K.L.:
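Let me begin by handing over the structure; questions about it come next.
We count ligands from 1, going down the list as the structure has it; atoms in each ligand are counted the same way. Fair warning: this is a prediction, and the values are worked out from it, not measured in the lab.
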Amino acid sequence: MIGSVTTTRNGQKYRVHKRQLRKKLDVAELTAGMYVVELDIPWEESPFLFQGFLLENEQDIQTVQQYCRYVWVDVVEEDWVPLDETRQSLRKTRTRYVAKQDMARQLSEANRTYQATKMQVKQLFASAHLGQALNMKQAQVMVKDCVQRVISNPNAMLWLTRLKHQDEYTAEHSVNVSLLAISLGHHLDLAPYELENLGICGLMHDIGKMKVPDEILNKPGRLTAEEFEEMARHTTYARQMLMGRSDIYPGAVDVAWTHHERLDGSGYPRGIDSTKLSLFTRIVSVVDAYDAMTSDRVYKAGMSSLEAMKILNKNAGTQFDPEVVKKFIAMIGLYPPGYLLQMTNGEVGIILSADEGYHLKPRVIMILDKHKQPQPEQVINLATNPQDMDGIPYKPAGVFRSGNFGVNVSDYIERGLRIKGFEYSLND
Ligand SMILES: [Fe+2]
């Protein structure tokens with residue numbers, strides 16, 4: 001399920017439910033603009049560079065027809081249900097083909113949005129630090145763009161939440177919380193306008209930290225009890241800063257004030273319990289905790305995604321909303337995009353994405369050979385059971401954070417992806 005929207009067509013109101021499906025097609029039915037995700041022959045025996053490509057023209061179609069009899073394409077099926085009970089005869093189903101771009105280009109575009117959003121956050125936070133007026137307009141435009149990107153490619157945006165720089169923690173953490181919240185909201189079938197509101201909540205949740213003295217905010221070590229008390233005040237500071245403003249979604253004030261409250265009343269600043277916590281607060285608390293736990297700080301290394309998910313799970317029901325945690329864990333999966341994956345043969349790759357229904361078989365860019373030496377970068381899709389040079393099927397052995405095997409994922413992605421001669425810089 002991708003989600004549901006309400007729309008009006010010919011004066012009639014409909015609820016449109018969308019589902020993404022993989023459809024088997026005879027190659028005679030192919031048309032330009034379709035995105036082929038699977039062939040009826042092994043990829044290695046085809047002339048196609050990417051496992052998943054767009055049919056751009058007649059020549060592409062003829063090439064596929066030369067090699068295959070059937071292929072699989074992604075489609076979105078829409079169920080149009082009239083909201084007026086008496087007009088059920090107007091109910092209809094439509095099928096649209098999904099035209100996807102390749103992952104490298106999507107990452108490049110997603111990265112542009114990410115960097116622009118980060119810049120906006122820095123400006124907003126700098127104004128807040130100086131006690132100047134906040135200009136919310138640009139931030140809203142950025143969040144809208146982030147929502148569109150999450151809807152069109154959830155994986156590319158998730159990928160970017162892994163690119164962390166210790167010195168930019170506050171800005172990156174805010175963008176990451178916003179993106180993770182939007183992605184989770186999308187998973188929970190929230191409508192796009194709700195995702196935009198949720199994105200603003202994520203972006204602004206820690207703005208109160210700009211009123212916390214720098215020596216406490218950036219202290220490289222454990223805080224004393226008094227310092228912690230001051231740090232905890234970022235929630236009430238945020239409320240004072242944002243309250244009464246007409247240009248910001250009112251829910252963002254509530255989330256900034258309550259994102260450290262816990263279901264059992266053990267949180268701060270007020271120790272309120274579950275009856276007073278909104279869905280947006282519950283979402284932001286979970287993704288905030290996850291991003292904080294998996295980030296490296298000056299005084300401690302971040303934990304792995306799996307460890308962080310275990311902690312969320314352990315505290316589901318007491319601190320965190322159990323339904324939200326469950327959905328979040330299902331979304332991130334065991335193979336989170338942007339992490340390193342070592343195969344049983346010793347080769348190492350970066351996890352790109354896991355397609356719907358294939359959470360245990362992600363797509364991976366292979367980068368190191370079994371001796372941990374660079375190898376020509378190529379994308380493999382574990383869902384299609386690819387084999388290594390020795391004819392042995394690739395099998396995941398373990399997930400590692402960036403920094404292992406001498407691979408820094410951020411350097412790597414900022415340098416540009418090179419896949420079989422195709423080069424896309426993430427900065428162009
Ligand atoms: Fe916070």
K.L.:
Counting C-beta onward and ignoring hydrogens, is there a side-chain heavy-atom pair between V399 and L306 closer than 4.5 Å?
P.N.:
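No, too far: nothing below the 4.5 Å cut-off.
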K.L.:
Under the 3.5 angstrom rule, does the side chain of R401 hit a backbone N or O of G302 as a donor-acceptor pair?
P.N.:
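Yes, because the side chain of R401 sits within donor-acceptor range (under 3.5 Å) of the backbone of G302.
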K.L.:
By the definition salt bridge (charged side-chain N to carboxylate O under 4.0 Å, His left out), identify the one residue from E226, E230, E227 that meets it with K219.
P.N.:
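So, applying the salt bridge (charged side-chain N to carboxylate O under 4.0 Å, His left out) to K219 and each of E226, E230, E227, only E227 qualifies.
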K.L.:
Hey, are R282 and E323 close enough for a salt bridge, meaning a charged N less than 4.0 Å from a carboxylate O?
P.N.:
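No salt bridge links R282 with E323.
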K.L.:
Are the side chains of Q342 and N404 in contact, using a 4.5 Å heavy-atom criterion?
P.N.:
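Not touching, per the 4.5 Å side-chain cut-off.
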K.L.:
Under 2.8 Å from the Fe ion (ligand 1), protein N/O/S atom count?
P.N.:
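If we list every protein N, O or S atom nearer than 2.8 Å to the Fe ion (ligand 1), we get 4.
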K.L.:
Regarding E347 and Y394, is there a side-chain donor-to-acceptor distance under 3.5 Å anywhere?
P.N.:
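There is such a pair between these side chains.
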